[in-house]
Amino acid sequence: MTEERLMDKIIEVCTRRGFISPAAEIYGGVGGFYEYGPLGTLMMQKIIDLWRQIFVLDDDRVYEISGSVLLPESVFQASGHLESFDDPLVQCKNCKSMFRADDIILDESSIKAEGLPLEELDKIIADNNIKCQKCQGNLDKAKQFNLMFKAQVGSTGGTTAYLRPETAQNIFINFKRLAGFMRNKLPFGIAQVGSSFRNEISPRNFLLRVREFQQMEIEMFYDPAKENEHEHYEEIRDLKINLVTREMQEKGWTKPLKISIEEGLEKKLIPNQYMAFLMAMETEMLKVLGVPEDVFWFRHMQDHEAPHYSAGNYDLEADLSIGHMEIIGNALRTDYDLQKHAKASGTSYEIVVDDKKIVPHVAEPSLGVGRILYTILEKCYQDDGRGWTWFKFPSTIAPLEIAVFPLMKKDGLAEFAYDLHQDLKDAGYLSFYDVSGKIGKRYARADEIGIPYCITVDYDSLKEGSVTVRDRDTIKQIRVPVEDLEVVIGELSEGEAEFEEFGGIIS
RNA sequence: GCAUCUGUAGUCUAGUGGUAGGACUGCAGCUUCCCAAGCUGCAAACCCGGGUUCGAAUCCCGGCAGUUGCACCA
């Protein structure tokens, strides 16, 4: 008997309990598209809120925008996406295997064919008698496979547009206005959350490889001459991060290097303070979200792995049940995009710094909300013989924070509990009220979706005005006066107090 | 995309060429009980489209979706 995969168990709970389900399910579904249900949406909002707090609201020099999802072809012509997201593929007529045309040409004839038009690729293949690498069969004509979704704008289809493959381009094409808003003073950052689309050849692994996904991106613009004058450097210099250097990758690594930001910069393992800042903040963010520090690291990507616009990528990878997975991409985009758009559009993207005109450089953290959410789900999933599975979500990410139950329906317990539930909602908690079934079943239901605290109203509540609070992680209970409840739950949720501090454990 | 295996209520599953049973979940009621699975009742399914056949959920073909392997992958 084969052990059921962790991912399958998580998919099962997610679909059954209203986290995430396949899109257009009743019509058979579409590969690579998922829809977030009530609980999934609450979690997604919490991830976005935390990111916004850390990366945007806490920094006076960062503002958030919301750009258009559909953009004209000219944008992607300039950005390089049309070229580098548009791979020429050839198929073997015999065994139907697919190859990238330029790759197979390079392999078989050492001719560098990247970026050549289809006819030329066909000609090189014919001239050099290149055959299928698997079965030596004849190759069909090269075809374009575009990773971008194409659309026609206008009733007569006059303008070709594409769904954005990353949110970043909105920021680059609005740079002049945004720089004006920031009064043309560096450094500054522009953030954006939203959907991006990539027509992946084979979407797989649930939320990890999809065709529509939410990204949280920031373009941090700075003067490259001042790349080590980050405003908040002092606050992060002593923080430690996990790093996998290129040297480690060549030698074969088993454990990432744990290193302080300061040491990483001194040893030139981290390129500059702007990248260091991103690494530090992302590490903190994931820890708050319930992902243990020892299951993720930053890997300095090899040259050939980095995107076309990047002069160096330090991607955050997590150790998941299916293997190592990129969760966050951190790119040094230099002035690549601004230069491209300035040139293509004829707009000046220069900013005056110390009486010199420069085009700023960019450090970009690109966070995939779905991938982060899946990582949290996997790392919080518990199957420890309790009789049911549960999620050990911290309150910061738990879709619902409190459940309120009357021990029984009668004798006014239900009314008491319902009023308490309303009060907690008014106080800002995501509270859930449930009367149906036995109390044990309700605890199990709450555990399964990771509600941290269950409050039960019993007969003593009516007499003394106190309730029991059950801790999901330990199944222990304490008795708390109703008037203290908001404070107690608040301190517990913030991790400011231990459970036992508020009263004796009830057996 | 290629190959492979797979597709029965919300979930897990039984099943035969004559249109489906079970368990759990859910809902209502009983019970009044502090860790799901006490009792009664109800609701709920053969992925879609063709074909073969008197008749198909069962056989065949195609599609869709998923698994695994390969390829691809910001």
Side-chain angles (χ1 to χ4, degrees), chain A residues 2 4-5 7-9 11-13 15-18 21-33 79-81 84-85 87 89-92 94-100 103-104 132-135 143 145 147-148 164-168 196-206 208-209 211 213 215 217 301 305-310 313 315 322 326 328-331 333 364 366 368 386-390 405-411 413-414 436-448 454-460 467-470 472 474-477 479 506-507:
Chain A
T2 51
E4 197 189 355
R5 297 187 320 151
M7 180 177 276
D8 290 332
K9 295 183 193 176
I11 292 171
E12 195 271 315
V13 181
T15 47
R16 189 163 45 79
R17 296 304 308 269
S21 58
E25 211 180 355
I26 62 165
Y27 293 109
V30 241
F33 293 87
S79 71
H81 284 91
S84 69
F85 265 56
D87 294 330
L89 298 180
V90 285
Q91 186 166 32
C92 170
N94 181 41
C95 73
K96 308 288 182 195
S97 296
M98 302 280 278
F99 303 94
R100 259 188 70 164
D103 279 358
I104 196 170
C132 171
Q133 291 181 318
K134 269 201 181 151
C135 73
K143 287 177 194 154
F145 183 85
L147 280 164
M148 286 194 291
R164 62 186 182 193
E166 57 169 0
T167 62
S196 293
F197 302 82
R198 291 179 197 178
N199 200 0
E200 297 287 352
I201 295 173
S202 54
R204 233 167 244 205
N205 286 330
F206 195 39
L208 298 180
R209 186 159 200 77
R211 291 188 167 127
F213 52 101
Q215 281 186 303
E217 292 192 310
M301 309 284 276
E305 295 177 306
H308 65 275
Y309 48 71
S310 177
N313 253 55
D315 287 359
I322 57 149
E326 178 200 326
I328 297 174
N330 293 303
R333 295 181 82 133
E364 174 201 74
S366 178
R386 191 175 280 199
W388 54 91
T389 69
W390 54 289
F405 307 140
L407 186 61
M408 285 164 275
K409 230 182 269 187
K410 61 178 188 179
D411 298 332
L413 293 181
S436 78
K438 297 184 178 183
I439 190 74
K441 177 174 278 190
R442 283 177 263 156
Y443 288 143
R445 276 197 284 237
D447 279 357
E448 193 180 36
C454 293
I455 293 166
T456 302
V457 170
D458 57 17
Y459 286 102
D460 288 345
V467 293
T468 62
V469 178
R470 170 187 181 273
R472 174 199 62 204
T474 60
I475 325 189
K476 288 177 179 166
Q477 283 182 304
R479 184 161 278 279
I506 305 165
S507 55

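Just so it is clear: chains get the letters A, B, ... in the order the sequence lines come, proteins before strands, and each one is counted from 1.
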Give one of base, sugar-phosphate or nothing for A/Arg209, where a contact means two heavy atoms less than 4.0 Å apart.
base
According to the Watson-Crick and G-U wobble definitions, with both distances under 3.5 Å, which nucleotide is paired to B/C12?
B/G22
Just the rounded figure in Å: distance from C1' of B/G1 to CG of A/Leu147.
13 Å
So does A/Ser366 get a side-chain nitrogen or oxygen closer than 4.0 Å to the phosphate oxygens (OP1/OP2) of B/A74?
no
Give the ring-plane orientation class for A/Tyr309 versus A/His81, where under 30° counts as parallel, over 60° as perpendicular and anything between as tilted.
tilted
Let's see if you can work this out: which of B/A74, B/U68, B/G26 has an atom nearest to the side-chain heavy atoms of A/Asn205?
B/U68
So if I take every side-chain heavy atom of A/Ser202 and compare against B/C35, B/A71, B/A74, which nucleotide ends up nearest?
B/A71
Do any N or O atoms of the protein come closer than 3.5 Å to N or O atoms of nucleotides 38-42 of chain B, and which pairs are they?
{"from": "B/G38", "atom 1": "N7", "to": "A/Lys438", "atom 2": "NZ", "distance (Å)": "3.3"}

Identify which nucleotide among B/U32, B/A74, B/G10 has an atom closest to any side-chain atom of A/Met408, counting heavy atoms from C-beta outward.
B/U32
Out of B/U67, B/U25, B/C34, which nucleotide sits closest to the side chain of A/Thr456?
B/C34
When you get a sec, tell me which of B/G29, B/C35, B/C34 is the closest nucleotide to the side chain of A/Arg479?
B/C34
Which is true for A/Phe405 with a 4.0 Å heavy-atom rule: it touches a base, it touches only sugar-phosphate, or it touches nothing?
nothing
From the options B/C27, B/C35, B/A74, select the nucleotide whose nearest atom is closest to the side chain of A/Gln215.
B/A74
Measure CG/A/Leu407 against P/B/C34 and give the value in whole Å, please.
6 Å
What nucleotide, of B/A71, B/A74, B/C35, holds the atom closest to the side chain of A/Ile201?
B/A71
Side-chain N or O of A/Lys441 versus OP1/OP2 of B/G26: is the shortest distance under 4.0 Å?
yes
Categorize A/Gly29 for me: base, sugar-phosphate, or nothing, with a 4.0 angstrom heavy-atom threshold over every strand shown.
sugar-phosphate
Ion pair A/Glu364/A/Arg333, N-O distance below 4.0 Å
yes
Can you give each donor-acceptor pair under 3.5 Å made by side-chain atoms of residues 437-446 of chain A, sequence neighbours left out, with the distance rounded to 0.1 Å?
{"from": "A/Arg442", "atom 1": "NE", "to": "A/Ser436", "atom 2": "O", "distance (Å)": "3.4"}
{"from": "A/Arg442", "atom 1": "NE", "to": "A/Gly437", "atom 2": "O", "distance (Å)": "3.3"}
{"from": "A/Arg442", "atom 1": "NH1", "to": "A/Pro406", "atom 2": "O", "distance (Å)": "2.7"}
{"from": "A/Arg442", "atom 1": "NH1", "to": "A/Asp434", "atom 2": "O", "distance (Å)": "3.3"}
{"from": "A/Arg442", "atom 1": "NH2", "to": "A/Pro406", "atom 2": "O", "distance (Å)": "3.4"}
{"from": "A/Arg442", "atom 1": "NH2", "to": "A/Gly437", "atom 2": "O", "distance (Å)": "3.1"}
{"from": "A/Tyr443", "atom 1": "OH", "to": "A/Thr456", "atom 2": "OG1", "distance (Å)": "2.6"}
{"from": "A/Tyr443", "atom 1": "OH", "to": "A/Gln477", "atom 2": "NE2", "distance (Å)": "3.2"}
{"from": "A/Arg445", "atom 1": "NE", "to": "A/Asp434", "atom 2": "OD2", "distance (Å)": "3.3"}
{"from": "A/Arg445", "atom 1": "NH2", "to": "A/Asp434", "atom 2": "OD2", "distance (Å)": "3.3"}
{"from": "A/Arg445", "atom 1": "NH2", "to": "A/Ser436", "atom 2": "O", "distance (Å)": "2.7"}
{"from": "A/Arg445", "atom 1": "NH2", "to": "A/Ser436", "atom 2": "OG", "distance (Å)": "3.2"}

Please classify the nucleic acid contact of A/Ile439 as base, sugar-phosphate, or nothing, using heavy-atom distances under 4.0 Å.
sugar-phosphate
What is the nucleic acid contact for A/Thr15, judged by heavy atoms within less than 4.0 Å: base, sugar-phosphate only, or nothing?
nothing
Report the distance from atom CZ of A/Arg445 to atom C1' of B/A36, rounded to the nearest whole Å.
8 Å
Describe the nucleic acid contact of A/Ala306 in one word from base, sugar-phosphate, nothing, applying a heavy-atom distance below 4.0 Å.
sugar-phosphate
So if I take every side-chain heavy atom of A/Arg204 and compare against B/U32, B/U67, B/C72, which nucleotide ends up nearest?
B/U67
When all nucleic acid strands are considered with a 4.0 Å heavy-atom cut-off, which category describes A/Asp458: base, sugar-phosphate, or nothing?
base
Taking the nucleotide of RNA chain B with the closest heavy atom to each, which residue, A/Tyr443 or A/Glu12, is nearer the 5' end?
A/Glu12
Closest to the side chain of A/Ala444, out of B/U68, B/U32, B/A36, is B/A36
Return the set of residues passing side-chain hydrogen bond (donor to acceptor under 3.5 Å, both in side chains) with A/Asn205 (not counting sequence neighbours), or none when no residue passes.
none
Return the 5'-most residue of the pair A/Gly32, A/Glu166 with respect to RNA chain B, ranking by each residue's nearest nucleotide.
A/Gly32
Nearest-neighbour nucleotide for the A/Glu200 side chain, B/C35, B/C27, B/A74 considered
B/A74
Pairing of A/Glu166 and A/Arg198 as salt bridge, 4.0 angstrom limit:
no
Any donor-acceptor N/O pair under 3.5 Å between B/C34 base and A/Gln477 side chain:
yes
Nearest-0.5 Å distance, CH2 of residue A/Trp390 to CD1 of residue A/Ile475:
7.5 Å
